[in-house]
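In what follows, a structure is listed as structure tokens, so that the remarks can point back to it.
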Amino acid sequence: MTTATDAVTASTPPLSAEYAMMPRMPMRTGPLIGRDTDLSRLADAVGLHPDGGAGPGGVVVLSGDAGIGKSRIVSRLVADATDSGWFTAVGHCVGQAGSNLAYLPFVELVGAVDAGHPEVVERVLAGHPALGHLLPGRVDAPGAVPTPAPAQATDPGQVAEAVHALLSALGAEQPSLVVVEDVHWADHSSRDLVTLLLTRGFPTAVGLVVTYRSDDLHRRHPLHDTLAVWARIAGLEHVELAPLPDAAVRELVAALDGPSADGPSLDAETAGEIARRSEGNPFFAEELVASAAAGQSLTGGLGRVLRARVEQLDDTAQRVLHAAALKGGQLIGHELLSRVTGLPDETLEAALAAAVEHHVLEACWPPAYTFRHALLGEAVADGLLPGERLRLHRAYAAVLAEHPDLAPASELARHAAAVGDLQTAVRASRAAAEAAMTVGGPQEALLHLERALSWLGEDDPQRDEVTLLASRAAMVAGEPIRAVDLLRDRLDHPGSGQQPGARADLLATLVIRSRMLDLPVDSIALTDEALSLLGDEAEERRVRVLVARVQALVDTGSFLEAAVVGNEASMLAERLGLTATLAELRTILARVLEAQQDLDAVEAHLRSVVRDLAPDDPLLLRALHQLASLAHRRGDLPGSLALYDQGAEAARRLHREWAPWGQECRLLGGLTAYELGDWDGSARRLDLTGRPAPQPGRAIFTAAALSVRAGRGEPVGSEVIEELRRWWAVDSLCVVQTVMPAIDLLGQAGDLEGLLDLVEAGVRVLDAAWGDYHALARMAALVAGQAAALAPPADPALRSRALSLVDELADRARLIGGLRPAVEKASRPVFERSTPGPLEDTSRETWAWLVRLEAELLRLQRVAGTVDPPPVEELVDAWRGSVAAFERYGHVFEVARSRARLAEALRAAGDDAGSRQVAEQARAVAERLGARPLLGELDLLGGVRQAELTPRELEVLRLLAEGRTNGQIGRQLYISTKTVSVHVSNLLAKLGASGRTEAAAIARRRGLA
């Protein structure tokens, strides 16, 4: 049996690699009082003692305040697991500087597995070489490199898959318990990896316990949003350690003050005071007992109590503790501590021995030390005098500058900044950012680079380059707003020494990155300025500016000029050997081909680009996205979905799921699956459960997922729509994805006024951002459809407003169908643009919705009480056309919804047999999709067929639909009000209506009034 505390052999890596190896620390043991129930819950959650046919394994999150006993209860769980024959391993997250080190706890965990089951590691490494990046001490591991030599960029997705595969293989070899402690200090990449492990679970006997300090989680704490994701993971057990009850604390105090305790026993009054003052915190109680036994006062806070423990040591030992406390993180290596303190070996070892003996420090192997509890280290650091703190920072900076292998570059940056050596701090932060990007941690890289920017003056020539690096990290991390803001800030505050070439780079980068958002940017003017700053000499910077110019021209529809500039840029890039830039230009210029040639030529061009790209080239995402969008426009929805999924998979592989084009592939894949009638597949692609997502990406995905919810009639609170509207000004795609399903959601709720308000607000935003856009066709058809149901019984002002909006949208939509791309903004989602040629072939989605719009307009005219309503035969033909259009396009749900409306029209025309046949076809699809609102519409149609209305009931219904009261109907028909009331009750029952308003709407839709 192997555990995380097995002895380290002679092959242990040298101390210079100690940070990468994160050596395993001995687990603390002691009285575990008052935690039997919590321990039992933990054991059950990880399947330590399974019963009822269940197997071992499971995931659990353990939380509680600092000192509440998380480590102690985990220690007992680990001991129990070890006694039961399980393999155990613990990975620790570290505070301060350590929170910026990608995958730190998993380096420790993987090292533990390698020490206990090297054969399992060997097997997994063969299929998952990315695991080697978590084994820096294993020089034979694929991808492993000695620190601090640079490595190839590592995909976090591959790292995550490797860790999951390793733990799964480990569980197949031996039941295993894995613990990740203190994730409130975890780096972004580790948090994401923990989330993946919790979400997936394990197919083998693996128990996973994750712990964090709940009292550390302020509103802006990075773990806060992650916990919201964890709360939605099915099957995840969450154990919150509450303060111990008074009786348990008294028992703990008595145990600590028993016969084996050092010093005199505590009197009952002191023991009671300790139990009261500890407030159920076991560690506080322990510290108070220790202070009381040493004759210390019980007054003051915990920091004073903790510092009192330290002050019992001599000056040399306290000096060592001060150095260890300021280092940051949980662990400090012996060599680093020795160099910082400058003490002779014998003196340092004696001081360390005293600190360990007094339970202030704990030692581990290879030689390194940690405070017995993080609160001890924090208390010591807080008590440092300003001068003492400055001297220690200076000592750390000097040692780490000379020996960078003793700690990560981020620590050198922190200490150098503290003593005012900002140039060293900036260099170290850039090195830390590069290391973070290497292992797929763009969030950590952004943190390091923004910290470096805070240390650089406006006139520092480095500021431009660091700004570009930070903007890139923000884009890869899925934070486009931050990426653009960083560039704008530098352009607005250039300082006095900004070089023209550097400014041109910033301007070109802003053009490329701002197009991912709908922000007011004059890209042509920006590239004009950039070109004016450069000479005519052939250089890489000029190529970058020309590429931005081509993109700006394409985005504004200036295709001829774009072709000319693109040719110049291509020739220059070819002369300089810039193959990646050439591929990017070919992708951009596909838009020019799209405007000038047939779609077959565009497809052939893009496929040639894809063939020429390497599998790890980020440009592949854009090329696949354009190919998928092209297939979508041509009505090849299955082919489009396959390409979108291919792009989404490539984005996962390249760790660019939230970077440009990566998230769009996954988003549009989800929407295409919705159109194909794979609503479960759509929900799966758009689901963000277990996946922390940046904004505005999260908002757009949330909005897109509303399509399935609306189709299934699931309730959606108004607060959801209001939250999504916050992001409309940032990305207009969020407007489209919000408004379309919201039209149906508000229509189903009968809220015509809210529907009109939302559509008008959305149109204003889209008009300002996009000008003319194909989404108008769908929007107009949906609004007309809901107006046919809701407008007739509405008050005259609201009805007039609804009809006016429908007319306005319909007129604009008809014009959109004939637009040429030269008058459109090409940055529009490609499926919303048109090209020369029949609309049915070049933009089949828009064509289908325009056909549907005409049918909805005829339906609205018949129920709105127009003077000369269209004949029912015309209505039948229009709905037959809508069915055929959506069948050709491939939109499964809209085919069924058009069939339901066709069934209404056939019934109004007297073709009951045809109506029943078409309605049953629509019902089969609605039942498969779980489309409850459509099923309700079909039920109402069937209800009228099954219970025919009498001639008198039809007379009453017509007058009711005109808004007459029972008394007015009775006077006109010469019958009593009571008789009218009976007729109205029968009508409601036969129509399946909940009230007079709904009965009137049904009558108009069915042509009965």
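This chain uses plain numbering: 1 for the first residue, then up along the sequence. Below, each value reflects all heavy atoms present in this structure, side chains not excepted, and no hydrogens, waters or symmetry copies.
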If you define the side chain from C-beta out and look only at heavy atoms, does anything of Q695 sit under 4.5 Å from I481? no
Compare all side-chain heavy atoms of L491 with those of R488 and state whether any distance is below 4.5 angstrom. no
Of all heavy-atom pairs between A896 and L934, which one has the smallest distance, and what is that distance? CB-CD2, 3.9 Å
Strictly distance-based, threshold 3.5 Å: is any side-chain N or O of R899 a donor or acceptor partner for the main-chain N or O of V895? no
Reported CZ-to-NE2 distance for the pair R852 and H891, which is rounded to 0.5 angstrom: 9.0 Å
Check ion pair E714-R932 (N to O, under 4.0 angstrom): no
Report, one line per pair, each donor and acceptor closer than 3.5 Å where one atom sits in a side chain of residues 755-767; sequence neighbours left out.
residue : atom : partner : partner atom : Å
D757    : OD1  : R801    : NH1          : 3.3
D757    : OD1  : R801    : NH2          : 2.5
E760    : OE1  : R801    : NH2          : 2.8
E760    : OE2  : R801    : NE           : 3.3
D767    : OD1  : Y773    : OH           : 2.9
D767    : OD1  : R812    : NH1          : 3.3
D767    : OD1  : R812    : NH2          : 2.8
D767    : OD2  : R812    : NH1          : 3.0

dist D485:CG -> S471:OG (nearest 0.5 Å) comes out at 9.5 Å
Distance under 6.0 Å and angle within 45° of ring axis: R725 vs W728: yes
For residues G747 and Q786, report the shortest heavy-atom separation together with the two atoms involved. CA-OE1, 3.2 Å
Go through the steps for I512 and M475 under the test side chain to side chain contact (heavy atoms under 4.5 Å, CB included), then give the verdict. CA-CA 11 Å; I512 295 297; M475 287 299 288; over 6 Å; no
Check against salt bridge (charged side-chain N to carboxylate O under 4.0 Å, His left out), R897 and D744: CA-CA 12 Å; R897 186 148 62 168; D744 281 341; 3.2 Å; yes
Is it true that a side-chain atom of S640 and a backbone atom of D636 form a donor plus acceptor pair closer than 3.5 Å? no
Donor-acceptor pair between R901 and S882 side chains, under 3.5 angstrom: no
Would R709 and D687 pass as an ion pair if we require N to O under 4.0 Å? no
In a check of side chain to side chain contact (heavy atoms under 4.5 Å, CB included) between T672 and each of D645, L667, L637, which one passes? L637
List the atom of R684, the atom of R666, and the distance in Å for their closest heavy-atom pair. O-NH2, 4.3 Å
Anything under 30° is parallel, anything over 60° is perpendicular, the rest tilted; go ahead and classify F893 against Y674. tilted
Can any side-chain N or O of Q748 pair as donor or acceptor with the backbone N or O of A710 at less than 3.5 Å? yes
Check whether any side-chain heavy atom of L641 sits under 4.5 Å from a side-chain heavy atom of R685, and report yes or no. yes
For P792, is there any backbone N or O sitting under 3.5 Å from a side-chain donor or acceptor partner on R799? yes
Which distance, rounded to the nearest 0.5 Å, do you find between the CG of L487 and the OG1 of T509? 6.0 Å
Does L960 form a side chain to side chain contact (heavy atoms under 4.5 Å, CB included) with R996? I'd like the steps, not just the answer. CA-CA 7 Å; L960 183 150; R996 297 166 67 92; 4.1 Å; yes
I want to check something: taking the side chain as every heavy atom from C-beta on, are L803 and L860 in contact at a cut-off of under 4.5 Å? yes
Looking only at non-hydrogen atoms, find the nearest pair between S898 and W879 and report the distance. O-CE3, 3.8 Å
Could you tell me which non-hydrogen atom of L875 sits nearest to which non-hydrogen atom of R859, and how far apart they are? CD1-N, 3.6 Å
Apply side chain to side chain contact (heavy atoms under 4.5 Å, CB included) to the pair Q737 and L671, showing each step before the final yes or no. CA-CA 10 Å; Q737 300 307 328; L671 292 171; 3.4 Å; yes
L706 vs I721 side-chain heavy atoms within contact, under 4.5 Å: yes
For S707, give me all partners under side chain to side chain donor-acceptor pair (under 3.5 Å), at least two apart in sequence or on another chain. none
Rounding to 0.5 Å, atoms CG (L815) and CG (L776) come to a distance of 10.0 Å
Before giving the answer on side chain to side chain contact (heavy atoms under 4.5 Å, CB included), spell out for E894 and E675 the whole-Å C-alpha distance, their side-chain angles and the decisive distance to 0.1 Å. CA-CA 8 Å; E894 294 304 342; E675 293 173 324; over 6 Å; no
Restricting to non-hydrogen atoms, name the atom on L621 and the atom on C665 that form the minimum distance, rounded to 0.1 Å. O-SG, 4.0 Å
Under the 3.5 angstrom rule, does the side chain of T965 hit a backbone N or O of Q968 as a donor-acceptor pair? yes
For D678, does its backbone N or O pair with a side-chain atom of S682 as donor and acceptor, under 3.5 Å? no
Rounded to the nearest 0.5 Å, the CD atom of E962 sits from the CD1 atom of I969 at a distance of 9.0 Å
Would you say the side-chain atoms of R712 pair up with the backbone N or O of L929, donor to acceptor, closer than 3.5 Å? yes
Output for pair (T846 OG1, R778 CZ), nearest 0.5 Å, gives 11.0 Å
Taking the side chain as C-beta and beyond, is there a heavy-atom pair between R844 and F886 under 4.5 Å? no
Hey, are the side chains of R928 and V892 touching, using non-hydrogen atoms and a 4.5 Å cut-off? yes
Would you call L906 and R880 a side-chain contact if the rule is heavy atoms closer than 4.5 Å? yes
Does any N or O in the side chain of S804 come within less than 3.5 Å of the main-chain N or O of S800, such that one atom is a donor and the other an acceptor? no
